[in-house]
Amino acid sequence: MKTRVISITDPLKQEKEIMEAAQLIRSGEVVAFPTETVYGLGANALDSRAVGRIFEAKGRPGDNPLIIHIHDVSEWSRLAENIPKQAYLLADRFWPGPLTMILNKTRLVPMGVTAGLDTVGVRMPAHPVAIKLISLSRVPIAAPSANISGRPSPTLAQHVVEDMDGRIPLILDGGRTDIGVESTVLDLTGSVPLVLRPGGVTVEMLQSIVGQVRIHPNVMKPLREGQRVRSPGMKYTHYAPNAPVTLVRGNLHRQVTYINTEACKGEREGYRAGILATDQTISHYQTGIRLSMGDRRQPAELAGNLFLRLREFDGLNVDFILAEGVDEKGEGLAVMNRIARAAGFHIIDL
Ligand code: TXA
Ligand code: MG
């Protein structure tokens, strides 16, 4: 299959191009499109066969459910039932935006989307191309991140090309995505809202609207063997560049010393180290390929650069990656969750 890439700089003036993508969605095809978080791989959420094609293109395990994207709040009453009052408050405050709410599903939602669960994830993205695509398609769009399963999520159309070329007919290129990590996944089916995946809508932001919020213990810890999961996505290795990653956290001074020592040791043995650093520390390293995620006092900036840097390391042929830990406040929790998972929870605490 030949994959075409169409650049959309002005969604209002390029309705014709987006209509082409919408028509592909309507005919049961899979199309990649930009959202404010990462690029998504979309198909008609109400068409089981189309949804099956997403799993095929990504190589995604069939038991990992997809998020449904809508362009208008009125649409969720077709997809979800017993919607709690908190969900309306959250939608009012954070939609369109990087928040996915897990709710009880209606019968309209095919089992293929929810991987057999009786709940469904719904979100309204805040990207003009995504909104236009969903409204022109006139169907809700199921979309995971547009990477091959296990790889870092795409924040540039070029990343989607790397992973999806020849697998899908069309990629809409809307430039670099703003937030850079995937949406916050919040389960609202229990008595207290539960964060299953931290993201651009931070725990602090959620608390300001609904008060008490719990964070699932597996956000920063691996699953125990045989443990049943609330979110199937927690089971799988994610976001991994080609080289193995180690997350180093704790006292910053000790982090830098440890990383310097390990990088030098590696180099002496003939292995090239990649160091995922920050603006504050990058000049303190003596060896290895050094990339900065940004200013550690600006967690949103770190989130915006994280996947980009992980993919950059692939092009630089490093043999192993040492990643600095950052503060888990605000978007920092999402950054640490993604690095911990990229590292397969291989974490050094100092
Ligand atoms: O920002 C995002 O959310 C991006 C863009 C494209 O919208 N999408 C995305 O989708 O990250 P995906 O498929 O890569 O991640 C969806 C996560 C998975 O961890 C999945 O297990 C969880 O959401 N999830 C989806 N439906 C669920 C459900 N009913 N119950 C629990 N977890 C669910
Ligand atoms: Mg993903």
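All residue numbers in this chain count up from 1 along the given sequence. In each ligand, atom 1 is the first atom listed, and ligand 1 is the first ligand listed.
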For the Mg ion (ligand 2), does an N/O/S atom of Ser145 lie at less than 2.8 Å?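 A backbone or side-chain N, O or S atom of Ser145 is under 2.8 Å from the Mg ion (ligand 2).
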Minimum-distance pair of heavy atoms, taken over all atoms of Pro125 and Thr35: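 Shortest heavy-atom separation between Pro125 and Thr35 comes out as CB-CB, 4.2 Å.
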For ligand 1, note which part of Arg123 has a heavy atom under 4.0 Å away: side chain, backbone, both or neither.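 Under 4.0 Å from ligand 1, Arg123 contributes side-chain atoms alone.
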Where does Thr114 meet ligand 1, judged by heavy-atom distances below 4.0 Å: at the side chain, the backbone, both, or neither?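 Thr114 to ligand 1: no contact under 4.0 Å from either part.
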Going by the order shown, which atoms of ligand 1 are within less than 4.0 Å of some heavy atom of [X]?
{"X": "His69", "answer": "5 (C), 6 (C), 7 (O)"}
{"X": "Leu117", "answer": "28 (C), 29 (N), 30 (N)"}
{"X": "Asn64", "answer": "18 (C), 20 (C), 21 (O)"}
{"X": "Pro65", "answer": "20 (C), 21 (O), 24 (N), 25 (C), 26 (N), 27 (C), 28 (C), 33 (C)"}
{"X": "Thr119", "answer": "28 (C), 29 (N), 30 (N)"}

Nearest to [atom], what protein heavy atom do you find, and at what distance?
{"atom": "atom 23 (O) of ligand 1", "result": "Val185 CG2, 3.8 Å"}
{"atom": "atom 6 (C) of ligand 1", "result": "Gly40 CA, 3.5 Å"}
{"atom": "atom 19 (O) of ligand 1", "result": "Gly233 CA, 3.5 Å"}
{"atom": "atom 28 (C) of ligand 1", "result": "Ile102 CD1, 3.5 Å"}
{"atom": "atom 22 (C) of ligand 1", "result": "Ser231 OG, 3.5 Å"}
{"atom": "atom 15 (O) of ligand 1", "result": "Arg197 NH1, 3.0 Å"}
{"atom": "atom 5 (C) of ligand 1", "result": "Thr37 OG1, 3.6 Å"}
{"atom": "atom 31 (C) of ligand 1", "result": "Arg230 O, 3.5 Å"}

Can you figure out which of Ser153, Ser145, Ser183, Ser149 has its heavy atom closest to atom 14 (O) of ligand 1?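 That would be Ser145.
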Residue pair [X] / [Y], side-chain heavy-atom distance below 4.5 Å:
{"X": "Asn147", "Y": "Arg311", "result": "yes"}
{"X": "Glu324", "Y": "Leu276", "result": "no"}
{"X": "Ile131", "Y": "Met124", "result": "yes"}
{"X": "Thr184", "Y": "Leu206", "result": "yes"}
{"X": "Val38", "Y": "Val181", "result": "no"}
{"X": "Lys132", "Y": "His71", "result": "no"}
{"X": "Thr119", "Y": "Lys105", "result": "no"}
{"X": "Ile18", "Y": "Glu15", "result": "no"}

Does Thr177 have any side-chain contact (heavy atoms from CB on, under 4.5 Å) partners at least two apart in sequence or in another chain, and if so, which?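 So Thr177 forms a side-chain contact (heavy atoms from CB on, under 4.5 Å) with Tyr39, Thr155.
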Would you please name every residue forming a ring pair (Phe, Tyr, Trp, His ring centres under 6.0 Å) with Phe345, sequence neighbours left out?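 So Phe345 forms no ring pair (Phe, Tyr, Trp, His ring centres under 6.0 Å) with any residue.
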Mark the output for Arg60 as yes if a heavy-atom distance to ligand 1 is under 4.0 Å, and as no if none is.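 Contact check Arg60 vs ligand 1: positive.
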